[in-house]
Amino acid sequence: NVFPYTFLVADDDGVCRILDMRQQTEDLTPSIEVDTSQVSSRASQVEGCNSIGSVVFSPDGNQFAARRFGDVQVWDIRQTNQPVASLDVQWFPGQMDWLASDDYVKDQFRTAFTTNGKIVTGCYSADFLSWDWKNNKIQKHKAVSQRTPRPPPEPGRDFSKRVTVCEAHPNQEIVAVVSTAALFIFYEPLQ
């Protein structure tokens with residue numbers, strides 16, 4: 001975090017709050033509060049899908065990403081009336097009521113910014129993606145080993161296979177992802 005005195009927190013209702021610890025410690029009124037559920041998306045169609053499983057500041061601290069079950073939103077802390085970018089990550093028509101009743105919609109997919117500002121986040125079926133949100137370019141990846149006997153089934157059949165954690169190296173284009181019970185390291189060489 002560029003600003004070590006700030007905390008970014010989110011809740012199950014889709015609200016993100018930035019707390020500035022330089023304020024009086026008795027008054028923890030958020031400096032900035034953003035309700036991501038006010039942005040029209042498929043998530044608002046299913047109860048519980050507004051829950052935020054991951055929030056993270058950009059490397060420069062001017063934006064943050066909020067990951068809900070089905071989407072990622074990028075917000076600029078200097079202009080919080082609407083997200084500067086939004087991406088549908090995953091959605092399973094016909095199965096959303098079942099996923100909501102079994103609390104899958106609250107699964108956490110830890111999201112990260114890379115040093116060059118891309119967002120990396122996980123999905124079901126051992127998939128993860130890197131999103132250049134400024135240019136709206138998406139690259140999809142699979143986190144599977146050659147030792148995996150067969151590729152995971154397509155989404156909609158097995159929700160136990162998922163990339164739950166994405167972390168980025170602070171100085172290089174290296175990303176670590178956790179897929180079910182395995183750790184994978186990916187490197188994007190400079191071009």
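Every heavy atom of this structure was used, including side-chain atoms; hydrogens, water molecules and symmetry mates were not.
- Aromatic pair F128/F184: ring centres not closer than 6.0 Å.
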* Take S130 and H141, measure what side-chain contact (heavy atoms from CB on, under 4.5 Å) needs, and give me the verdict at the end. => CA-CA 8 Å; S130 60; H141 311 277; 3.3 Å; yes
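- T36 places a side-chain N or O within donor-acceptor distance of the main-chain N or O of G14, the cut-off being under 3.5 Å.
- We find the CD1-CZ distance between I52 and R68 to be 7.0 Å, quoted to the nearest 0.5 Å.
- Here the OG1 atom belonging to T6 is positioned 15.5 Å from the CZ atom belonging to R17, to the nearest 0.5 angstrom.
- Between the side chain of S54 and the main chain of T111, a donor-acceptor pair closer than 3.5 Å is present.
- Side-chain contact check for V177 versus C166: some heavy-atom pair is nearer than 4.5 Å.
- Distance check: D11 CG to C16 SG gives 8.0 Å after rounding to the nearest 0.5 Å.
- Note that the CG atom of L87 and the CH2 atom of W131 stand 5.0 Å from one another [nearest 0.5 Å].
- Taking the six-membered ring for Trp and the full ring otherwise, F57 and F7 have centroids separated by 6.0 Å or more.
- Checked by atom type and distance alone, the side chain of Q90 pairs as donor or acceptor with a backbone atom of F69 at under 3.5 Å.
- Distance alone, capped at 3.5 Å, is enough to place a donor-acceptor pair between the D76 side chain and the R78 backbone.
- Pairs passing the salt bridge (charged side-chain N to carboxylate O under 4.0 Å, His left out) check and including a residue from residues 112-123, sequence neighbours excluded, read K118-E188.
- Here the straight-line distance linking atom CD of E167 with atom OG1 of T114 works out to 12.5 Å at 0.5 Å rounding.
- Between F186 and A143, the shortest heavy-atom distance links the atoms CZ-CA, 4.4 Å.
- With hydrophobic clusters built from ILVMFWY side chains whose heavy atoms lie under 4.5 angstrom apart, V9 does not share a cluster with V15.
- The main-chain N or O of K137 is never found under 3.5 Å from a side-chain atom of N135 such that the two would form a donor-acceptor pair.
- A donor-acceptor pair shorter than 3.5 Å can be found between the side chains of T121 and R67.
- In this structure, the side chains of D35 and E33 stay at 4.5 Å or more apart for every pair of heavy atoms.
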* side-chain contact (heavy atoms from CB on, under 4.5 Å) between V163 and V178, worked out -> CA-CA 6 Å; V163 172; V178 175; over 6 Å; no
* To do: Would you sort out whether D13 and N50 count as a side-chain contact (heavy atoms from CB on, under 4.5 Å), showing the intermediate values?
  => CA-CA 6 Å; D13 295 323; N50 285 322; over 6 Å; no
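- By the 30° and 60° cut-offs, the orientation of the rings of W75 relative to F64 is parallel.
- One finds the CG atom of L8 at 5.5 Å from the CD1 atom of I18 (value rounded to the nearest 0.5 Å).
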* Asked: Where do E173 and T115 land on the side chain to side chain donor-acceptor pair (under 3.5 Å) test, with the steps shown first?
  -> CA-CA 6 Å; E173 289 302 310; T115 56; 2.2 Å; yes
* Mind running side-chain contact (heavy atoms from CB on, under 4.5 Å) on L19 and S31 for me, showing each step along the way? => CA-CA 6 Å; L19 302 169; S31 301; over 6 Å; no
